[in-house]
Colleague: 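Have a look at this one before I ask anything.
So that the names make sense, note that chain A is the first sequence line, chain B the second, and so on, each numbered from 1.
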Amino acid sequence: QGERYVFVSHAPDSDSWWNVIKNAIKVASDEMNVEVEYRNPPTGDLADMARIIQQASASNPDGIISTIADYDVLSGPLSDAVAKGIPVITVNSGTEEQSKKIGALLHVGQPEYDAGFGAGEKAKAAGVTSFVCVNHYITNPASVERCQGYADAIGVKLGGQMIDSGLDPSEVKSKVMAYLNAHPDTNGILTLGPNSAHPTIAALDEMGKSGTIHFATFDLSSQISEAIKSGVIAFAIDQQPFLQGYLPVVILTNLTRYGVVPGNSINSGPGFITKSNIALVEELAGQYR
Amino acid sequence: MTAPLIELVDIAKHFGPVIALNGVTLSVEAGECHCLLGDNGAGKSTFIKTMSGVHKPNRGEIRVDGEVVSFSSPRDAMAAGIATVYQDLAMIPLMSVTRNFWMGREPERKFGPFKLFDFATANRITMEEMAKMGIHLRSPDQAVGTLSGGERQTVAIARAVHFGAKVLILDEPTSALGVRQTANVLATIDRVRKAGIGLIFITHNVRHALAVGDRFTVLNRGKTLGTARRGEIDAEALQDMMAGGRELAELAGSLGGTV
Amino acid sequence: MTAPLIELVDIAKHFGPVIALNGVTLSVEAGECHCLLGDNGAGKSTFIKTMSGVHKPNRGEIRVDGEVVSFSSPRDAMAAGIATVYQDLAMIPLMSVTRNFWMGREPERKFGPFKLFDFATANRITMEEMAKMGIHLRSPDQAVGTLSGGERQTVAIARAVHFGAKVLILDEPTSALGVRQTANVLATIDRVRKAGIGLIFITHNVRHALAVGDRFTVLNRGKTLGTARRGEIDAEALQDMMAGGRELAELAGSLGGTV
Amino acid sequence: MSTADGRSVEQLRDEARDERVREMSRFRKALIRPELGAICGTILVFVFFLSIAGDSGMFAPEGILNWGTVSAQFAIIAVGACLLMIAGEFDLSVGSMIGFSGIVIALLTVQVGLPAWAAILIAFALAMAIGAFNGYLVIRTGLPSFIVTLAFLYILRGLTIFISITTTRKTIIGGVREAAESDPIAWLFGGKAFHGLFVWLSQHGIVGTFVAGPKAGQPVIEGIPMLMVWALVLIVLGHLLLTRTKFGNWIFAAGGDAQAARYVGVPVNRVKISMFMLTAFCATVFATCQVMEFGSAAADRGLLKEFEAIISVVIGGALLTGGYGSVVGAALGALIFGVVQQGLFFAGVESSLFRVFLGVILLLAVILNTYIRRMITGER
Amino acid sequence: MSTADGRSVEQLRDEARDERVREMSRFRKALIRPELGAICGTILVFVFFLSIAGDSGMFAPEGILNWGTVSAQFAIIAVGACLLMIAGEFDLSVGSMIGFSGIVIALLTVQVGLPAWAAILIAFALAMAIGAFNGYLVIRTGLPSFIVTLAFLYILRGLTIFISITTTRKTIIGGVREAAESDPIAWLFGGKAFHGLFVWLSQHGIVGTFVAGPKAGQPVIEGIPMLMVWALVLIVLGHLLLTRTKFGNWIFAAGGDAQAARYVGVPVNRVKISMFMLTAFCATVFATCQVMEFGSAAADRGLLKEFEAIISVVIGGALLTGGYGSVVGAALGALIFGVVQQGLFFAGVESSLFRVFLGVILLLAVILNTYIRRMITGER
Ligand SMILES: Nc1ncnc2c1ncn2[C@@H]1O[C@H](COP(=O)(O)OP(=O)(O)OP(=O)(O)O)[C@@H](O)[C@H]1O
Ligand SMILES: Nc1ncnc2c1ncn2[C@@H]1O[C@H](COP(=O)(O)OP(=O)(O)OP(=O)(O)O)[C@@H](O)[C@H]1O
Ligand SMILES: [Mg+2]
Ligand SMILES: [Mg+2]
């Protein structure tokens with residue numbers, strides 16, 4: 001009862017996608033009756049994130065849940081925590097192998113490159129030949145990998161198509177519009193989350209191109225599900241963040257209380273959400289989905 | 001006898017531990033140039049700041065036309081007809097002559113529901129007033145920074161006169177000027193006095209004071225040492241009053257010259 | 001006759017369109033106080049800046065002890081024994097007296113492989129030199145900002161003298177001072193002169209110049225108007241030379257006073 | 001006033017002129033104005049992009065609208081920053097204020113359920129109160145505004161994140177658009193103006209129409225975003241305020257020499273505090289437009305916007321230390337900023353080079369501006 | 001020199017003292033030093049966290065190491081910023097410089113394949129050259145350093161992203177640790193000192209040991225990170241340089257009044273340029289330590305660090321306009337910064353409140369410092 005866990009993410013303060021995880025954590029901690037602290041580096045600086053992990057392990061929690069946004073930066077502090085005897089579960093970014101090398105119990109997440117590749121394959125089938133990848137978080141390796149996977153699946157070399165859009169929605173929107181104006185032959189768009197998807201939807205709307213360009217995005221939100229229903233977005237890749245927030249807390253609690261833990265990593269995604277299966281998730285999008 | 005334009009009685013002003021003024025009395029009549037002399041740090045600037053509403057005195061009273069007043073801001077003092085040209089910051093060099101001239105009292109004209117700065121009038125009057133003072137401007141848009149020090153002082157004086165000052169206070173207008181420019185400023189003072197305005201002319205320089213002054217008051221370490229009329233006192237005596245004269249006499253003796 | 005300590009011949013200096021100096025000649029002998037007088041903007045400051053290595057003249061030559069030299073920085077001039085106390089920026093108010101005194105020529109002592117600022121020596125000498133000049137410091141760590149204007153000038157002079165200046169240039173050391181403080185500075189000048197140092201004393205004020213000067217040179221609009229020895233010239237004549245005298249005479253006439 | 005000694009006045013006047021200084025030619029004088037640097041910069045930037053991206057759609061109506069909107073955004077905050085800078089202060093908390101106002105509006109409409117107009121009014125009131133407090137602190141403590149507003153950069157950003165996290169456990173709050181539908185005021189910020197005009201233009205073939213997609217047949221430009229209208233209104237009003245009114249003269253005076261201004265009766269404190277409030281007002285206009293356009297507010301909106309505002313203003317010829325500058329210049333600075341940022345996309349240049357460009361332009365513009373200013377003001 | 005008129009000297013001396021001003025008491029004088037504000041702040045902050053987070057592990061060895069490391073980070077850049085600020089300039093490009101140096105090292109080792117020591121040396125040389133160029137521009141153009149370094153904030157950040165994206169298509173470059181293994185210099189930045197001491201301490205139970213994993217049995221603290229050693233060395237050297245050497249006097253002089261200093265022969269330009277170089281040096285130390293510790297460099301490292309450096313320095317009592325300040329004060333400022341930032345985590349306070357705290361501390365510290373400074377320098 002009342003165990004204390006620390007959840008460390010790499011997301012800067014604004015990333016709305018993490019709201020689902022925060023909600024999941026809240027649900028899990030209420031159900032399990034434990035205390036979970038959510039920590040993140042305010043500006044998304046991964047070096048700051050490493051300090052937060054060190055700090056977390058110094059405060060001797062009953063467990064640490066962390067993303068592996070950059071293996072190089074985070075492996076040290078995380079394996080130190082493991083070595084101190086603190087159980088660690090990794091989530092979201094990162095791969096199973098990395099998680100194992102660190103000595104974490106398991107990894108709950110989605111392989112980023114593969115997810116991007118899957119999206120690319122579907123896009124290729126829909127006839128996409130030249131695309132733009134709207135990267136709102138260019139300093140996170142995972143986001144570059146998504147673009148890379150998508151490009152590889154389509155079979156083009158990733159170059160100027162990945163735009164560094166920044167986080168400011170007005171800027172994202174006007175940059176997307178500028179790109180599409182200057183590259184009218186673009187027939188595929190990949191956005192990496194709500195932060196880049198929402199302004200892109202607005203940009204397409206304003207340019208009258210809604211529905212004329214194959215548009216795929218990562219992650220869900222109410223606006224994205226709306227766009228899927230109206231056919232603006234072809235599909236969203238759902239990594240089911242709720243599981244990434246909920247499962248680790250439950251697993252750690254079970255470990256602390258009863259000493260039981262699953263033996264394998266868990267792939268929470270990717271799941272593809274299209275017009276046909278949107279009804280299922282629509283209600284809860286952005287909250288628990 | 002009519003009441004003086006302004007009268008200050010037994011003014012005292014303290015800044016924390018520093019007693020800047022400790023009982024200063026002075027009055028100015030219309031058309032007179034009252035010179036306020038004093039050593040460095042004697043409290044001259046502090047005294048006139050009290051008179052023009054910048055500082056509130058800790059003790060003493062100010063009478064304008066015989067009535068006791070209390071100024072809570074420079075605006076109040078200006079409204080009562082007291083205009084001051086301060087030692088260093090008479091003008092803002094980055095701004096044009098017109099903007100400086102009208103600063104704080106801009107003329108306005110209606111433009112629909114709005115009131116606009118009336119530049120046409122402002123420029124015309126500025127040029128006229130400057131010409132009266134003997135300053136020829138290239139244009140009223142010229143920045144004050146491009147004028148010489150003497151010209152700046154003159155603009156400041158012209159401004160004060162134009163706004164109907166009854167009492168005009170000049171804080172060391174000549175201290176940064178050369179002989180030629182000083183002569184210009186002294187001539188301006190004389191002209192202003194002849195128009196019936198009362199002047200307080202602050203200076204270190206006994207010669208400048210004697211050239212235009214009607215009465216002379218000497219401050220020393222925050223106290224009035226006395227007031228004399230023109231002709232009652234000569235340069236040597238004034239110099240003596242300002243510094244106690246002893247060191248100067250000694251110095252002059254030991255150096256074999258006159259100070 | 002030995003060569004003068006420093007001699008400047010036919011110096012000219014232009015700043016873009018402004019001709020600040022246009023043929024100025026002057027020399028200083030040991031133990032003499034040479035006064036440089038001139039109206040505002042006459043070029044006095046520009047002239048001494050040329051002498052002390054701040055500006056390079058466009059024309060003319062500088063001779064030190066009879067040899068032609070060319071200064072490329074104030075350091076060069078200082079090395080040649082020419083020390084200057086500038087008009088406003090003699091001292092840095094935020095720094096302590098010792099730090100100001102030694103600025104640019106800090107005494108050092110070895111500390112292993114390092115050289116450290118030798119505060120013990122510096123403080124001692126500072127206190128001594130200040131005492132000689134008649135300034136009593138609370139402590140050598142006292143910030144210069146807490147000193148009065150006259151005290152600051154004196155610290156600057158003491159510094160120049162201590163560093164073995166052969167020629168000491170003072171740019172209007174008295175312009176911001178009251179009578180008492182001026183007397184103090186003039187006494188200091190006299191003391192320095194008696195120690196055999198050549199002085200150039202710049203001022204607007206004819207009386208101050210006459211009190212201590214041995215020779216007088218008047219600048220007007222970038223040109224020398226001539227040099228006179230003590231006794232050869234009186235205050236009126238100097239005043240006349242500085243400004244052409246005409247306006248002043250007229251002004252004095254029209255105002256009925258003496259300027 | 002008659003001159004007692006008529007003769008000597010003429011004489012003195014002649015002598016007041018210094019024969020040693022050359023007079024400036026009339027042509028040069030007409031050219032030399034505070035905005036000159038920004039005007040040259042604008043011309044240069046346009047020539048540059050016309051030549052390298054002239055056929056990329058950058059100068060088609062849609063393209064113009066694109067960089068126009070971006071420039072308008074910068075212009076809105078630049079106007080406030082410009083007037084404040086001329087009044088002798090500056091504000092590093094603009095960016096944080098943008099985030100703060102946005103979150104306040106979103107929280108009040110979506111969480112509290114207030115009507116949008118009430119939320120907007122409250123946000124404006126709050127922001128301007130904070131601006132006034134900033135100004136009050138600067139004036140009362142006499143500290144440089146750099147430090148005071150730096151403190152508020154942190155305080156406001158922290159508060160914004162704190163209130164949004166503690167009340168909603170989110171840092172992005174969406175759903176504002178729905179809540180603001182058919183609101184009497186919200187339209188002023190998120191709407192588009194002159195829709196009819198563009199329909200007419202498209203019917204006459206001046207503006208293209210969509211040929212495919214859901215909007216086929218409609219003009220490619222729906223209207224001028226209100227953001228641009230706001231920018232224009234603020235620029236014009238700001239310019240008039242500064243150059244044509246009494247208050248404008250006080251702004252110059254307060255920044256040029258606060259003490260001198262105070263002594264002639266200019267209410268310097270009031271001027272400075274109102275300029276801090278104006279800056280907060282502009283930041284809130286920016287935030288409200290953004291919230292209404294995108295329907296969501298995020299706690300980290302406006303990051304680094306304070307620098308972008310200052311850069312626009314400085315490119316526009318204002319003096320960092322106050323007392324000199326021009327609103328039109330600042331607006332041109334914002335235009336340069338927007339055109340360069342978007343132009344690089346149109347030109348297909350690697351977008352990260354934008355910052356390099358910007359830095360270089362800033363340096364060049366400031367050097368040119370300094371030269372011009374010295375000629376005008378006789379400053380050395 | 002003998003006084004010719006001995007009598008009047010004594011006399012004048014007496015009169016030079018002003019009977020109207022009270023003397024300051026000896027005790028107050030001893031207390032009043034530039035660092036006083038920072039010292040008070042440090043005590044307050046420690047008391048605060050001891051009371052609210054005393055039992056959270058914050059003051060256990062690991063906890064101390066944690067906030068100690070963070071403070072050391074701030075201190076490294078604060079030392080450079082402090083000396084530069086005392087010399088009368090400041091540098092907004094510190095943060096961008098951190099990102100730039102890190103990427104240079106990573107690119108050179110991982111992509112180009114240079115040995116780590118060569119990459120580090122090149123990064124230092126490059127950074128210091130840029131610092132010198134910054135300084136040169138400030139001095140040549142006479143522009144405020146705010147503007148020049150703001151331009152470089154953008155230019156450097158842009159360049160950093162540009163070169164890392166164009167060469168590797170990534171903005172994070174990893175694998176530096178492997179490349180730097182057994183390098184003769186890299187250890188100086190990424191290593192840990194006093195390993196032996198901590199093994200000994202753990203054997204005596206003073207420091208805990210790892211209980212599981214590959215490091216089982218080793219002490220939880222491997223050693224003092226070199227980062228801390230660098231911070232200490234820089235603080236001590238900086239303090240000595242400033243207060244005990246000739247060059248230190250020149251730094252004060254250059255910042256106090258550059259013109260006055262120039263006239264007495266202080267090579268002001270050289271002093272200012274070397275301080276810009278020192279700031280770049282400190283930024284590169286910071287970057288190198290980070291790269292070597294984490295094994296990767298990212299283009300966005302160091303974002304907003306310039307403000308953090310300036311805040312530490314200002315909390316430490318330095319005057320924004322130069323000529324006054326203390327390295328020890330700046331170091332204490334960095335300590336306050338680090339303790340507050342990490343302490344709030346330990347105390348379990350909502351972390352977004354950190355910024356609010358910081359802003360408030362900054363304001364209070366500066367007000368206190370201003371008061372103290374006025375007493376020392378007689379400034380008004
Ligand atoms: N705001 C203030 N706070 C504290 N002390 C002050 C203040 N203003 C003036 N003083 C002190 O009051 C005394 C008188 O100063 P004041 O400026 O009035 O002298 P002054 O006669 O005008 O000298 P000067 O000839 O240099 O202009 C001085 O000792 C000065 O330091
Ligand atoms: N750096 C400069 N650039 C351009 N003009 C200059 C410069 N320095 C001085 N001048 C000009 O040269 C002329 C002589 O100036 P200077 O300062 O030498 O006069 P001064 O005799 O010292 O006057 P004051 O009595 O005011 O000290 C003036 O017209 C001045 O404006
Ligand atoms: Mg005074
Ligand atoms: Mg001079």
Colleague: So which residue, B:Ala143, B:Ala160, B:Pro107, ends up with the most heavy-atom pairs under 4.5 Å with chain D?
Modeller: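 Sorted descending by pairs with chain D, the first entry is B:Ala143.
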
Colleague: How many angstroms lie between OH in B:Tyr86 and CG in D:Asp257, if you round to the nearest 0.5 Å?
Modeller: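 B:Tyr86 OH to D:Asp257 CG: 12.5 Å, rounded to 0.5 Å.
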
Colleague: Using a 3.5 Å distance criterion without hydrogens, assess whether the side chain of D:Asn249 forms a donor-acceptor pair with backbone atoms of B:Arg99.
Modeller: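 Flag set: sc D:Asn249 to bb B:Arg99 pair under 3.5 Å.
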
Colleague: Provide the closest heavy-atom pair for D:Thr243 versus B:Phe119 in the form atom of the first, atom of the second, distance.
Modeller: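 Shortest heavy-atom separation between D:Thr243 and B:Phe119 comes out as O-CE1, 3.0 Å.
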
Colleague: Please give me the minimum heavy-atom distance between B:Thr146 and D:Ile376, naming the atom from each residue.
Modeller: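 Smallest heavy-atom distance, with atoms named: CG2-O, 3.8 Å.
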
Colleague: As an exercise: rank B:Lys49, B:Gln142, B:Lys115 by heavy-atom pairs under 4.5 Å with chain D and give me the winner.
Modeller: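 Result: the option with the highest number of such pairs is B:Lys49.
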
Colleague: Show the nearest heavy-atom pair for residues D:Val266 and B:Met103, with the distance to one decimal.
Modeller: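 Closest approach of D:Val266 to B:Met103, heavy atoms only: CG2-CG, 3.8 Å.
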
Colleague: Can you confirm whether more than 12 heavy atoms, excluding those of B:Phe163, are under 6.0 Å from its CZ atom?
Modeller: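 Correct, the count exceeds 12.
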
Colleague: Measure the CZ-CD distance between D:Arg244 and B:Glu106 for me, rounded to the nearest 0.5 Å.
Modeller: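 These two atoms lie 14.0 Å from each other.
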
Colleague: In this structure, are over 12 heavy atoms from other groups packed under 6.0 Å from B:Phe111 atom CZ?
Modeller: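 No, because the 6.0 Å sphere around CZ of B:Phe111 holds 12 heavy atoms or fewer from other groups.
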
Colleague: Looking at every non-hydrogen atom in both residues, tell me the closest pair between B:Pro74 and D:Gly265 and how far apart they are.
Modeller: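 Scanning both residues, the minimum pair turns out to be CB-N, 4.4 Å.
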
Colleague: How far does CG of B:Asp118 sit from OG1 of D:Thr245, to the nearest 0.5 angstrom?
Modeller: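 Between atom CG of B:Asp118 and atom OG1 of D:Thr245 there are 13.0 Å.
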
Colleague: With a cut-off of 6.0 Å (strictly less than), are more than 12 heavy atoms of other residues, nucleotides or ligands near CZ of B:Arg109?
Modeller: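 Yes - once you tally the heavy atoms of other residues, nucleotides and ligands closer than 6.0 Å, there are more than 12.
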
